[in-house]
Number of protein chains: 2
Amino acid sequence: MRAIAVHRGEESPRVIDVPTPEPADGEVLVKTLRVGVDGTDHEVIKGTHGGFPPGDDYQILGHEAIGVVVDPTTTGFEEGDIVIPTVRRPPDGTNEYFERGEPDMAPDGKYLERGIVDAHGYMSEYFTSAAEFLVEIPESLAPHGFLVEPMSNAEKAIQHAFATRAAFSWEPESALVLGNGPLGLLTLARLARDVDDLYCLGRRDRPDPSIDIIEKLGATYVDSRETPVPEIPTEYGHVDIAIEATGYAKHAFEVLDALAPNGVGALLGVPSDWEFEIDGGRLHREMVLQNKALVGSVNSHIPHFEMAIDTVSSLPDWFIDDVVTEVVPAADPSAAFERNKEQIKTAVEFVPPSER
Amino acid sequence: MRAIAVHRGEESPRVIDVPTPEPADGEVLVKTLRVGVDGTDHEVIKGTHGGFPPGDDYQILGHEAIGVVVDPTTTGFEEGDIVIPTVRRPPDGTNEYFERGEPDMAPDGKYLERGIVDAHGYMSEYFTSAAEFLVEIPESLAPHGFLVEPMSNAEKAIQHAFATRAAFSWEPESALVLGNGPLGLLTLARLARDVDDLYCLGRRDRPDPSIDIIEKLGATYVDSRETPVPEIPTEYGHVDIAIEATGYAKHAFEVLDALAPNGVGALLGVPSDWEFEIDGGRLHREMVLQNKALVGSVNSHIPHFEMAIDTVSSLPDWFIDDVVTEVVPAADPSAAFERNKEQIKTAVEFVPPSER
């Protein structure tokens, strides 16, 4: 079958031919429909994040998949069910994090990630998965179901941010998303369900399609070149919740200045080492005297996928049309991996809707 | 009546004579028994934290009080009830934070603090308080009830730290307290109720009474001069929860390295501005990939006082005897404000137990 993989020593993915996987009992064979591309895929391609499956000199990409069940074996699924796979898998049988349904909280070494960490991904005509890692979604979500996995990461970050504020009365009235890439825009759309006063930070010139989406969502675009994060309160007011989706390490600390008293910042980016100076005394004092919190969040699991299905189902059609800028055939997928300012979210298509 | 106050331009508190307050209806007149002294009092004396009541050139000290009701006016209290006052008061009538019983979450300008911010404290023979800011405690706690207010700050920090981890299964097995002052030791004793594997960081040479207490609690003393915070994992292992009670700003960030995956650091100190370098990229990445959290916590309110009453009631007698190193008569209180390594927690006594 056709698969899209990155090879050791190569800088761009290519189409390869691999054997079609055979599902064991308890596994499901899924025919892939579409697979989204995100920043993590680019890091895997560059070799800066994750790792190849042991013994292989290539890695099949893709962790944002949607597909249709073609062989449910002994599982409760039925042929034709539309499903989304989660990302993490146990490295050896299982472990406590998987047993209690929280693989997203597993530490290093206690998980593989399909398409990212030591395991092949979903960018192939077929993939297999244990039934417990598949979430069924409504047929209507099939075309853009690949947005569920990235949205589930936003759901987890927001869930954990709210948890930090659970010991007192807290209803955020304003929210800031740092980053106007696909994850930033999905997070902004998610927050728009609960919060009226919305801001999204980027560093793009107009005209720009992401700025158009920000403004169509009713949010204010903050150009970080004109208004650095610490100046946001002066220019726009403090925010109750901020979600960092830039991977720019200074934002993780600067965001404390943008938060209102009792506010929380959730971090989603994965920066490299970088030493820089902060006014640690002031930030420490402000966190204490104003009861602020900072929380890191990675990955997501079934409950977050379920929240994300609900959220993606509620997204306006225009948002999906504008965010998904390109769906590329798997036979010639290179355009899905190009990065330019006109492209926001791309996906690789294995089966066009007309051929399902 | 006799009161202990700091005067503008003076560096040590002295005994003064002020009119005995008259309770309005709905207020309670309390005869003060004992008032604890802590680091915040020293900051108030130095003028580095808080502020004098508007129009006054002195401030009556003290926010860790215990007393006995002598005039309950129209309130539900009865003469002879043993009570502890909370610290924050509304500056103008009331506001939303006080109305919903969460003055500890009020931002700057929305609260006064008795003995700290713009209001006189409790170090006087009598004080008045609205009934809603008094907590009744059992008679048995009268001698060391002044430990309830500082313990309530630990309770709030621990409550908020646990809240940050509420979205998943989390039971801390190891805990680190940064700081071996009175608040650090009280926090350590509180954590000893739930956690077996305990560490407390200080920078004192043996023999030292605080190190003795740490070890009698079954905890391990960590000398920060030998084992700086980032080296704690190598030397002792990672910890699930850490509470910072040093006010040393670098600890607020270094503590992230000491935390196990899914761990949380709670900050209680109030440092001054201080610029220093951190590896912000690495700390940001570790917070995300290991789901770590950091939360600031200040002050406390009725529910935390109630938790603290329960905790202080359960403290072993030896702990209270060892922590409360000096109880000084109000007529000559200077020894309560001296700082030396033999002193841990001091209190000023207005009425000896024998004269109650």
Side-chain angles (χ1 to χ4, degrees), chain A residues 96-97 100-102 104-108 110 156 159-160 162-170 244 247-253 256 260-262 264 267-299 303, chain B residues 96-97 100-102 104-108 110 156 159-160 162-170 244 247-253 256 260-262 264 267-299 303:
Chain A
E96 61 190 291
Y97 298 95
R100 62 178 179 236
E102 295 175 349
D104 56 306
M105 302 307 292
D108 273 4
K110 295 281 190 181
K156 177 180 165 181
Q159 180 195 46
H160 281 233
F162 271 72
T164 70
R165 316 285 75 193
F168 60 98
S169 309
W170 187 72
E244 173 277 325
Y248 182 75
K250 283 191 178 175
H251 285 164
F253 304 93
L256 289 165
N262 308 338
V264 57
L267 310 179
L268 278 169
V270 183
S272 302
D273 289 358
W274 183 19
E275 294 195 3
F276 50 79
E277 202 162 77
I278 59 170
D279 188 341
R282 189 175 53 78
L283 293 177
H284 178 177
R285 185 177 67 246
E286 293 294 302
M287 282 191 79
V288 172
L289 293 182
Q290 303 191 32
N291 290 292
K292 293 181 181 179
L294 208 54
V295 61
S297 177
V298 69
N299 193 252
Chain B
E96 61 190 292
Y97 297 95
R100 61 178 179 238
E102 296 176 347
D104 55 308
M105 302 307 292
D108 272 6
K110 295 280 190 182
K156 176 179 166 182
Q159 180 195 47
H160 281 232
F162 271 72
T164 70
R165 316 286 72 192
F168 61 98
S169 309
W170 187 72
E244 174 277 323
Y248 182 75
K250 283 190 179 175
H251 285 162
F253 304 94
L256 290 166
N262 308 338
V264 57
L267 311 179
L268 279 168
V270 183
S272 301
D273 290 359
W274 183 20
E275 295 196 2
F276 50 80
E277 203 163 75
I278 60 171
D279 188 340
R282 189 174 53 76
L283 292 178
H284 178 177
R285 185 177 68 246
E286 293 293 303
M287 282 192 79
V288 172
L289 294 183
Q290 302 191 34
N291 290 292
K292 293 181 181 178
L294 208 54
V295 60
S297 177
V298 69
N299 193 251

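Closest non-hydrogen pair, B:His284 versus A:Gly269, comes out as NE2-O, 3.6 Å. Nearest approach of B:Ser297 to A:Val288, heavy atoms of both residues: O-CG1, 3.4 Å. Across every non-hydrogen atom of A:Ala249 and B:Gly281, the tightest pair is CB-CA, 3.5 Å.
For the set A:Asn262, A:Val264, A:Asn291, the count of heavy-atom pairs under 4.5 angstrom toward chain B peaks at A:Asn291. Of the listed residues A:Thr164, A:Ile278, A:Leu283, the one with more heavy-atom pairs under 4.5 angstrom with chain B than any other is A:Ile278. Residue with the most contacts toward chain B among A:Ala293, A:Gly296, A:Ala167: A:Gly296 (heavy-atom pairs, distance under 4.5 Å). With chain A as partner, the option from B:Asp279, B:Asp108, B:Val295, B:Leu267 having the largest number of non-hydrogen pairs under 4.5 angstrom is B:Asp279. Chain B forms the most heavy-atom pairs under 4.5 Å with one residue out of A:Ser272, A:Pro303, A:Ala260, and that residue is A:Ser272. Taking B:Ser169, B:Ala106, B:Ala166 one by one and counting their heavy-atom pairs under 4.5 Å with chain A, the maximum is reached by B:Ser169. Across B:Arg165, B:Lys250, B:Arg282, B:His251, the residue that shares the most heavy-atom pairs under 4.5 angstrom with chain A is B:Arg282. Counting heavy-atom pairs closer than 4.5 Å to chain B, the top-ranked of the candidates A:Pro261, A:Ala252, A:Ala163, A:Gly247 is A:Ala163.
Using a 4.5 Å cut-off between heavy atoms, A:Leu268 contacts chain B through its backbone alone, with no side-chain atom that close. In this structure, chain B has a heavy atom under 4.5 Å from the side chain of A:Tyr97, while its backbone stays farther away. Only the side chain of A:Glu244 comes within contact range of chain B, with at least one heavy atom under 4.5 Å from a heavy atom of that chain. When heavy atoms are compared at a cutoff of 4.5 Å, A:Phe168 approaches chain B by way of both its backbone and its side chain. In this structure, chain B has heavy atoms under 4.5 Å from both the backbone and the side chain of A:Pro271. Using a 4.5 Å cut-off between heavy atoms, B:Phe276 touches chain A through backbone and side chain atoms alike. Of the two parts of A:Lys156, only the side chain, counted from C-beta on, holds a non-hydrogen atom closer than 4.5 Å to a non-hydrogen atom of chain B.
Using a 4.5 Å cut-off on side-chain heavy atoms (C-beta onward), A:Val270 and B:Leu289 make contact.
Shown here are the side chain to side chain donor-acceptor pair (under 3.5 Å) partners of A:Asn299, two or more places apart in sequence or in another chain: there are none.
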